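What follows is a set of notes on a single structure, which appears directly below.
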Amino acid sequence: MQNFTLLLFSLCSTFLYSQSFCGTDTKYLDLLSKNPALQQKMDAQESFIKQYIATKGANKTNTVKIIPTVFHIIHNYGPENISDAQVIDALRILNEDFRKLNSDTNLIVSGFKGIAADCEIEFRLAQLDPEGKCTDGITRTVSLFTNAGDDNVKTLISWDTDKYLNIWVVAGISMSGVAGFAYYPGTAPQLDFEGVVIEQAYVGSIGTSSAANSRVLTHEVGHFMNLVHTFGFGTCGDASNCNTSVSDFITDTPPTKGNCSTCNLTATSCGVLENVQNYMDYSSCNLMFTTDQKSRMDAALNSPLAGRSNLWSPTNLSFTGVLNTPSVCFPVADFTSSVKNICSGDSLLFTDLSWNGSPTQWQWNFQGGTPASSTIANPTVYYSTPGLYSVTLTCSNSAGQDVKIKTSLINVGTSVGTYSTIFTEGFEGSSIPNSDWDINNPDAQGTWQTSNSVAFTGSKCAFVDNYTNGINGEWEELISPSVNLSTMSNPILSYRVAYARRFSTETDKLEVYYSENCGETWTIRQTKFGFALQTASATSTAFVPGSSNWRKELVNIAPVQAKTNVRFKFKFTSDLGNNLYIDDINVQPLSLSVGEDERLMYNVFPTISSDFVTIQIFDNTSTNNITIKLVDALGKTVLIQNGKAIETDSNNMSLNISHLAKGIYTLNIINNSNARQFKVIKQ
């Protein structure tokens with residue numbers, strides 16, 4: 001066993017954040033750099049483990065330690081709201097792996113079969129919550145934190161970490177490329193952060209996960225039990241991991257540089273046969289713990305550090321109810337609808353998502369709906385009158401009942417657009433949202449609002465305070481009233497935008513959509529982000545545009561020509577950049593109020609692509625007169641074509657860039673003596 005202080009000195013100077021699926025060491029080393037005193041705590045823990053193992057040894061207790069476990073599903077009504085069956089399957093795999101009951105133990109190579117260990121650790125879903133109430137060991141919390149899960153989800157819900165192993169299941173993790181992470185005992189920044197955060201695609205072998213991903217949770221729980229990667233704290237695959245100064249503190253796991261998503265059972269990267277099949281390696285064929293790893297986990301579970309020794313104590317097993325016969329718990333009511341925006345005369349499906357206990361009875365009440373009530377689990381409801389309506393669900397079983405009310409849930413729009421002539425909006429009237437304009441603010445924080453001090457024309461505009469209230473990856477939507485385009489020929493959407501980046505690297509994004517069915521579904525028509533979105537130079541202060549910082553954008557909406565009910569949506573997605581402003585939104589015939597410099601109008605999307613780029617034509621310009629030229633970052637022309645040769649229909653040209661090298665290109669669209677340029681990124 002290496003001295004923990006010397007080990008950390010070595011790894012802190014060489015560690016690279018490039019792990020393929022585990023974020024445990026990233027978290028640990030980051031905390032260590034901020035709190036050097038943590039090193040002393042871990043040195044003391046290592047001394048305890050060394051003494052405990054020397055005194056107690058392995059395989060001497062023959063006592064199965066039961067760990068009360070709770071899965072917290074953090075979701076936003078997407079696939080990350082995994083089923084109870086998927087959780088139970090994950091628990092099955094954990095128990096098989098830690099008890100050496102997994103059916104693939106027969107595949108262990110002969111050199112390590114003799115030290116494959118039954119770790120005598122069993123995980124059971126809690127039967128009583130911290131308040132002593134009945135639980136099935138699975139909680140469900142609605143939050144957008146699920147999209148970038150981290151310690152943030154633990155602020156939503158965390159059961160006493162010295163009484164329960166908390167496992168938080170999320171849609172995605174904030175650290176790029178990471179599927180899960182845990183904290184070594186006592187290293188969490190605060191006690192209620194102890195536990196495992198894992199993406200839903202790595203929980204169990206069914207549902208949203210797969211057999212290939214099913215051992216990642218075993219790996220992360222191994223970290224929770226104080227196991228280190230078999231290649232130490234370095235980067236998987238780094239030859240320096242063979243050095244004795246980098247260790248996993250385990251004597252019967254041979255040195256290895258790490259097997260990164262491979263399964264070479266004869267690997268000898270450090271000169272000896274490696275334990276490639278170990279759960280704490282990065283190989284693709286993990287199926288065993290060793291005897292010494294069992295000893296280290298046994299020592300961790302007998303240490304008072306972070307309450308690990310209390311988890312399996314008789315008192316705690318009684319407190320959490322894991323020895324009890326499972327009982328029927330009262331349900332916690334929840335539900336979702338297939339859509340939230342529909343046109344009058346349409347229908348939608350409601351789905352019961354109640355949890356904790358399975359309901360046997362349902363009582364629905366639908367304001368403005370037909371039927372007005374229902375007693376089935378998943379009813380279909382029609383809405384005939386435009387308006388904003390609430391829905392109530394009362395569900396019950398033999399243990400009790402619960403009620404869930406969602407106010408203003410269903411937005412029923414008119415079947416024919418409210419506006420039937422040229423539509424203009426300068427936000428000079430009442431503040432948004434109002435009777436015309438709606439907003440969708442899923443994070444309940446800073447969103448679209450009216451500025452009373454900035455405008456391109458007049459004195460007001462709409463803007464997003466992304467400088468102060470931005471949350472990485474979160475989005476805000478501004479939705480227009482409905483417009484009847486049945487009498488408008490060749491319609492086009494135009495608007496003014498002003499935006500500056502905070503730094504030159506972030507990629508705040510603005511997208512424009514249209515809907516033909518009251519917002520039930522949306523079709524994207526324009527995307528602008530990063531340098532393509534900016535209208536002013538980057539500024540580290542909150543951006544406020546001047547008169548010269550506005551740009552007019554034109555959006556081709558030809559597909560909805562002659563449609564009677566069209567809505568438009570401006571969706572802003574934050575990358576923690578700066579403020580964005582829009583003004584002077586107009587829907588009008590192309591021939592009106594369009595200057596000669598704007599007669600040659602095109603749109604290019606997607607601006608980031610690996611294969612094809614589509615060029616949209618806004619007017620009736622013949623493609624015979626158009627030349628397409630692509631220039632690389634060095635100014636070299638790498639592609640030149642006649643527009644007619646790549647025309648796909650009367651409004652689109654499809655340009656194949658699949659053969660080009662990755663990089664940034666300038667797309668020139670030339671019509672006689674006029675030209676427009678677009679930036680295109682080949683990925």
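Please read all numbers here as calculations on a predicted model, not as lab measurements.
Put simply, the side chain of T187 gets close to the backbone of Y184: a donor and an acceptor are under 3.5 Å apart. Looking only at distances, no side-chain donor or acceptor of N517 sits under 3.5 Å from a matching main-chain atom of C343. E520 contributes no side-chain N or O that, together with a main-chain N or O of V339, makes up a donor-acceptor pair within less than 3.5 Å. A distance-only check finds no donor-acceptor pair linking the side chain of S338 to the backbone of L348 [under 3.5 Å]. A donor-acceptor pair under 3.5 Å is absent between the side-chain atoms of S214 and the main chain of S205, judged by distance alone. A donor-acceptor pair under 3.5 Å is formed between the side chain of T146 and the backbone N or O of A171. Between the side chain of D89 and the backbone N or O of A85, no donor-acceptor pair lies under 3.5 Å. Listed for the S482 side chain is a donor-acceptor partner under 3.5 Å among the backbone atoms of T418. Here the side chain of S174 pairs no donor or acceptor atom with the backbone of D150 at under 3.5 angstrom. Of the possible donor and acceptor atoms, one in the side chain of N213 sits under 3.5 Å from a partner among the backbone N and O of A201.
With sequence neighbours excluded, the residues that form a side-chain contact (heavy atoms from CB on, under 4.5 Å) with A188 are Y183, F193, E194. For C119, the disulfide bond (SG atoms under 2.5 Å apart) test picks out no residue, with sequence neighbours left out. Residues satisfying the side-chain contact (heavy atoms from CB on, under 4.5 Å) criterion with A462, sequence neighbours excluded, are F427, I432, W448, L478, I582.
With hydrogens and angles left out, the side-chain atoms of T320 and N316 include no donor and acceptor closer than 3.5 Å. With no hydrogens or angles considered, a side-chain donor-acceptor pair links N286 and S283 at under 3.5 Å. Side chain to side chain, Q363 and T394 fail the donor-acceptor criterion of an N or O pair below 3.5 Å. Side chain to side chain, E220 and T24 meet the donor-acceptor criterion of an N or O pair below 3.5 Å. Side-chain contact of D192 with S158: a donor-acceptor pair under 3.5 Å is absent, judged by distance alone.
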Mind running side-chain contact (heavy atoms from CB on, under 4.5 Å) on S574 and L576 for me, showing each step along the way? CA-CA 5 Å; S574 174; L576 300 179; 4.3 Å; yes

Pair L227-R296, side-chain contact (heavy atoms from CB on, under 4.5 Å): steps then yes or no: CA-CA 7 Å; L227 294 186; R296 185 172 175 84; 4.0 Å; yes

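From F181, atom CZ reaches atom CD1 of I173 across 6.0 Å, with rounding to the nearest 0.5 Å.
The two residues V322 and L125 have their closest heavy-atom pair at CG1-O, 3.8 Å.
Between V381 and F350 the shortest side-chain heavy-atom distance falls below 4.5 Å. A 4.5 Å side-chain heavy-atom check between L580 and N466 finds every atom pair outside the cut-off. Annotation: side chain of L91 is in contact with side chain of N95 (closest heavy-atom distance under 4.5 Å).
By the 30° and 60° cut-offs, the orientation of the rings of Y282 relative to H219 is tilted. Below 30°, between 30° and 60°, or above 60°: for Y513 and W522 the angle between ring planes is above 60°, a perpendicular geometry.
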Identify all side-chain donor-acceptor contacts of residues 70-78 below 3.5 Å with residues at least two apart in sequence or on another chain.
| residue | atom | partner | partner atom | Å |
| --- | --- | --- | --- | --- |
| H72 | ND1 | T139 | OG1 | 2.7 |
| H72 | NE2 | N166 | OD1 | 2.7 |
| H75 | ND1 | Y77 | N | 2.9 |
| Y77 | OH | D334 | OD1 | 2.8 |
| Y77 | OH | D334 | OD2 | 3.0 |
| Y77 | OH | K406 | NZ | 3.0 |

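The 12-atom threshold is exceeded at NZ of K163, counting heavy atoms of other residues, nucleotides or ligands nearer than 6.0 Å.
Using a 4.0 Å cut-off between charged side-chain N and carboxylate O, K27 and D30 make no salt bridge.
Listed by first and then second residue, the ring-ring contact (aromatic ring centres under 6.0 Å, His included) pairs that reach into residues 306-345 are F335-W364, sequence neighbours excluded. For the disulfide bond (SG atoms under 2.5 Å apart) condition, no pair includes a residue of residues 63-105, sequence neighbours left out.
Aromatic pair F366/Y389: centroids not less than 6.0 angstrom apart.
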